[in-house]
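All heavy atoms count here, side chains included; hydrogens, waters and symmetry mates do not.
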Amino acid sequence: WSTIISVVFVDESDPDLHTVTFVWGGLGESGCAGGSPQHFPNSTSGASHDVAVPDEAGDYDLCVTVTDSQGLSHTHDMIPIRVNMDPGVTSIGLAQADGVLSVGQEISDWSTIISVVFVDESDPDLHTVTFVWGGLGESGCAGGSPQHFPNSTSGASHDVAVPDEAGDYDLCVTVTDSQGLSHTHDMIPIRVNMDPGVTSIGLAQADGVLSVGQEISDWSTIISV
């Protein structure tokens, strides 16, 4: 916020030693009466100010007053400002509790695999959920191909494409609101598994007929997979 709010004023009778005061009008209140003032003494025209922002999202009025060293002041017309907050990702759900996902699944089977729960009271809808797989042996998800799901709601499930190579991955999940503010959840370690591929089965007898009378110990060389 250090470059967010700057105030330009003209006071030829008192060129310096001005105090700029900011007051936020509360949610649903009319005007800035009762708000906590933030004073910036010795201000010059055009300077930027580190103004603390309300810690609750919503629509506010910002009142700005410039006072010279003689006590004369001017208050600007109230400025309507919407305070936004990052969406907070609270949980991510996987259909399999151990996080082992099978590459062999059809993509349609993934509709219940990954769900994202987030809280964003300042912007209740129009969120985009983005998934990125961190590659095998890589640190983090930098360079991965993002999969975007716009217009997502909290708790919705997503058809997320799975890496086509088995191994250990990091899954990065980011939620972005309509104002461009975003929150990335801690990376989730996931092992992508593949179905075992049976290529052949060998029998000791070419006709495949096995004798019931054989001892069980004789089976060690009968069937190979």
If you measure only the distance, is there a donor-acceptor pair under 3.5 Å linking the side chains of T130 and H148?
yes
Can you name the nearest heavy-atom pair linking Y60 to G25, along with the distance?
CD2-O, 2.8 Å
Residue list, side chain to side chain donor-acceptor pair (under 3.5 Å) with T176, at least two apart or on another chain:
none
How many angstroms lie between CG in N151 and OG1 in T128, if you round to the nearest 0.5 Å?
6.5 Å
If the test is side-chain contact (heavy atoms from CB on, under 4.5 Å), which one of T174, V175, V132, V173 qualifies with T184?
T174
Would you please classify the geometry between the F40 ring and the H49 ring as parallel, tilted or perpendicular, with 30° and 60° separating the classes?
tilted
Gap separating the CH2 atom of W133 from the CG atom of D170, nearest 0.5 angstrom
10.0 Å
Run the ring pair (Phe, Tyr, Trp, His ring centres under 6.0 Å) check on F9 and H18 step by step: do they pass?
CA-CA 10 Å; F9 53 86; H18 290 75; 4.8 Å; yes
Taken to the nearest 0.5 Å, the spacing of H183 NE2 from D177 CG works out to 12.5 Å
Which atom names give the shortest non-hydrogen contact between M78 and C63, and what distance separates them?
CG-SG, 3.4 Å
Do F131 and P146 come close enough that some side-chain heavy atom pair is under 4.5 Å?
no
Give the cluster check for L72 versus V20: same hydrophobic cluster or not, with ILVMFWY residues linked at side-chain heavy-atom distances below 4.5 Å.
no
